[in-house]
Amino acid sequence: MNGTGLGFNPNYDTVIIGAGAAGMMCAVHAARPEGPAVLVIDHAKAPGEKIRISGGGRCNFTNLEAAPDRFLSLNPHFCKSALKRYTQWDFIDLVRQYGIPYHEKTLGQLFCDTSAQDIIRMLRDEMEKAGAILRLETSLVEFSKTGSAFSLVLETDGKRIPVSCRNLVVACGGKSIPKMGATGFGYRIAEHFGHAVTETRPGLVPLTFGPVETEEFKSLSGLSCDGALACSGGAYGNARFEEAILFTHRGLSGPAVLQISSYWREGLPVTLSFRPDLDLLTELKRQKRENGKRHVATVLSDHLPKRLTQAIAERAGLTDGNIADISDKVLADLAASIQSREVMPAGSEGYRTAEVTLGGVDTDGMNSKTMESKTVPGLYFIGEVVDVTGWLGGYNFQWAWSSGWAAGTAISSTDG
Ligand code: FDA
């Protein structure tokens, strides 16, 4: 069994690069107890590190609303087949089989009750049952293809190990959170084999602003408010998200901001709105009529956090006086500045904090049913490395499960 003295064989049917969400799911379905050998390698010390830290340690593992229109790609049709054949309900079934307690937090987002480790343990267990071999602290350092076999050089413990395989699955994720070992290595493998890679950029990431707004937002740091953010003319069309907005000492974050960041592009403004559920101008006019002696900041604080209303009143130069003394025109401007304020992001916090990488291996070169390369038989791309990116809320893991399943079942159905 030990062809190298380090626990590796010289030949495998399938080698999967990356023991993250997609790689582990693929291994579960590519391997069979008495079937051809499936090896999963990862340069990290533990598998599923991003699963472990996801969802604040509770892993938002899927979304009840998962559907193709919640995924961004140059080809929005590509994700359809995999998402339809391995759905959120399939993954929920697996979670239930393992008795893992979970709950819906909001907007269809399913989280573990206890710990993300439950999901990692489940996948490791499934891999073991299927007979997949996991080797950690192992990197892929060289790769080529001659005839029908891939020749790889793996490196572990300072030693180089040549192995060959019939199928090579690239599941090494994107560029987000380099501190956790993300390298973008998968794109290099794709390009080496002649695949196009679409422009990659940080997605689901906090936005940063110029000095004036940064100073303003910094003074509100830590404050969160129900709101909406909209952006028009981005790479994936117009978008608007109604969720919480969080002020930070560097700019804006929170679910609505992370969502819009995937659509935003340099040079485009975003429209910021607080309490979009409220007809604020009508409410201000009513208060002017009925409670004219109230101060405008006090009226606003019926609906918005106090610190925010104070800042809004200061910015509008309305710190003194009663609401009755303010003209309807000024009230209209005030309501507009709260509910449809255009701000120009300067950039984003980048891959350091981005939850995902937008773009990736161009889906034009891939089979949407199997995730296999159209030009290099036996080469597969799954998960985040592919140009398919989900919304915030469990969609990215669902893509990892669905694409991993699609490649895994395709491999096990052709292994003779
Ligand atoms: P993933 O990055 O998980 O795995 C890739 C693996 O490849 C890693 O284990 C890495 O070590 C390994 N690797 C890389 N290069 C290698 C090399 N050269 N050799 C060997 N191994 C290599 N999504 C969601 O749906 N719900 C959520 O709650 C969250 N929360 C969340 C929080 C945070 C902080 C982040 C950063 C991200 C999320 N996400 C998320 C996104 C989610 O984590 C992401 O979409 C999936 O992990 C992608 O799965 P993959 O398996 O494709 O890559």
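Numbering starts at 1 and runs along the sequence shown. As the structure is a computational prediction, the values presented were derived from the model and not from experiment. When a ligand or atom number is given, it counts from 1 through the structure's own listing order.
Among protein heavy atoms, the minimum distance from atom 49 (O) of ligand 1 is reached at Ala21 CB, 3.9 Å. Nearest protein heavy-atom contact of atom 9 (O) of ligand 1 is Asp42 OD2, 2.5 Å. Nearest to atom 29 (C) of ligand 1 among the protein's heavy atoms is Ser54 CB, 3.6 Å. For atom 47 (O) of ligand 1, the closest non-hydrogen atom of the protein is Phe397 CE2, 3.4 Å. At the shortest separation from atom 26 (N) of ligand 1 among protein heavy atoms lies Asn60 O, 2.9 Å. In this structure, atom 18 (N) of ligand 1 lies nearest to the protein heavy atom Phe185 CD2, 3.2 Å. In terms of protein heavy atoms, atom 44 (C) of ligand 1 is closest to Glu384 OE1, 3.3 Å. Of all protein heavy atoms, the one lying nearest to atom 53 (O) of ligand 1 is Gly173 CA, 3.5 Å.
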With side chain to side chain donor-acceptor pair (under 3.5 Å) as the criterion, how do Thr198 and Asp362 come out once you've worked through the C-alpha distance, each side chain's angles and the decisive distance to 0.1 Å? CA-CA 6 Å; Thr198 68; Asp362 193 337; over 6 Å; no

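Considering backbone and side-chain N/O of Ala44, none are found under 3.5 Å from N/O of ligand 1. Close N/O approach between His43 and ligand 1 is found [any backbone or side-chain N/O within under 3.5 Å]. The N/O atoms of Thr138, backbone and side chain alike, include none that comes under 3.5 Å of an N/O atom in ligand 1.
Taking 4.5 Å as the limit, every side-chain heavy atom of His77 sits out of range of all side-chain heavy atoms of Pro68. Within the 4.5 Å cutoff, the side chain of Lys145 has no heavy atoms near those of the Leu379 side chain.
Contacts between Pro47 and ligand 1, counted as non-hydrogen atom pairs separated by less than 4.0 Å, are absent for every part of the residue. Counting heavy atoms closer than 4.0 Å to ligand 1, residue Tyr395 contributes backbone atoms (N, CA, C, O) but none from C-beta onward. Residue contacts with ligand 1 for Ile177 involve side-chain atoms from C-beta outward but no N, CA, C or O (heavy atoms, distance under 4.0 Å).
For the ligand labelled ligand 1, residue Ser176 lies outside the 4.0 Å heavy-atom shell. Using a non-hydrogen distance threshold of 4.0 Å, Val385 does not register as a contact of ligand 1.
Taking each of Met25, Glu155, Glu355 in turn, the one with a heavy atom nearest to atom 39 (N) of ligand 1 proves to be Glu355. Of the candidates Gly56, Gly20, Cys26, Ala19, the one placing a heavy atom closest to atom 1 (P) of ligand 1 is Gly20. The option from Ala22, Gly18, Ala66, Gly57 that lies nearest to atom 7 (O) of ligand 1, judged by heavy atoms, is Gly18. The nearest non-hydrogen atom to atom 34 (C) of ligand 1, considering only Val356, Ile51, Ile53, comes from Ile53.
For the residue pair Ser139/Glu155, the side-chain donor-acceptor check at 3.5 Å is not satisfied. Looking only at atom types and distance, the side chain of Arg58 has no donor-acceptor partner in the side chain of Tyr102 under 3.5 Å away. If you check the side chains of Glu314 and Gln310, you find no donor sitting under 3.5 Å from an acceptor. Using a 3.5 Å distance cut-off with no hydrogens or angles, the side chains of Glu384 and Ser176 do pair a donor with an acceptor.
The contact set between ligand 1 and Gly55, taken as ligand atoms under 4.0 Å from a residue heavy atom, comprises 28 (O), 30 (N). Each of the atoms 52 (O) of ligand 1 lies under 4.0 Å from some heavy atom of Gly383. Those atoms of ligand 1 that come under 4.0 Å of a heavy atom in Ala171, given as number and element, are 5 (C), 6 (C), 7 (O). For ligand 1, the atoms sitting less than 4.0 Å from at least one non-hydrogen atom of Asn396 are 23 (N), 25 (O), 45 (O), numbered in the order shown with element in parentheses. Residue-ligand proximity, Thr183 to ligand 1, at heavy-atom distances under 4.0 Å covers atoms 15 (N).
Side-chain N or O atoms of Thr409 include none that pairs as donor or acceptor with a backbone N or O of His29 at under 3.5 Å. A distance-only check finds a donor-acceptor pair linking the side chain of Gln339 to the backbone of Arg275 [under 3.5 Å].
You'll find the ring centres of Tyr395 and Trp399 outside the 6.0 Å limit. When ring centroids are compared, Phe247 and Phe217 come within the 6.0 Å threshold. Checked against the 6.0 Å centroid criterion, the rings of Phe397 and Phe91 do not qualify as a close aromatic pair. Taking the ring centroids of Phe150 and Phe193, they lie under the 6.0 Å cut-off.
The salt bridge (Lys or Arg N to Asp or Glu O under 4.0 Å) test applied to Asp333 returns Lys329, not counting sequence neighbours.
Using the six-membered ring where Trp is involved, Phe241 and Tyr263 have ring planes that are tilted, between 30° and 60° apart.
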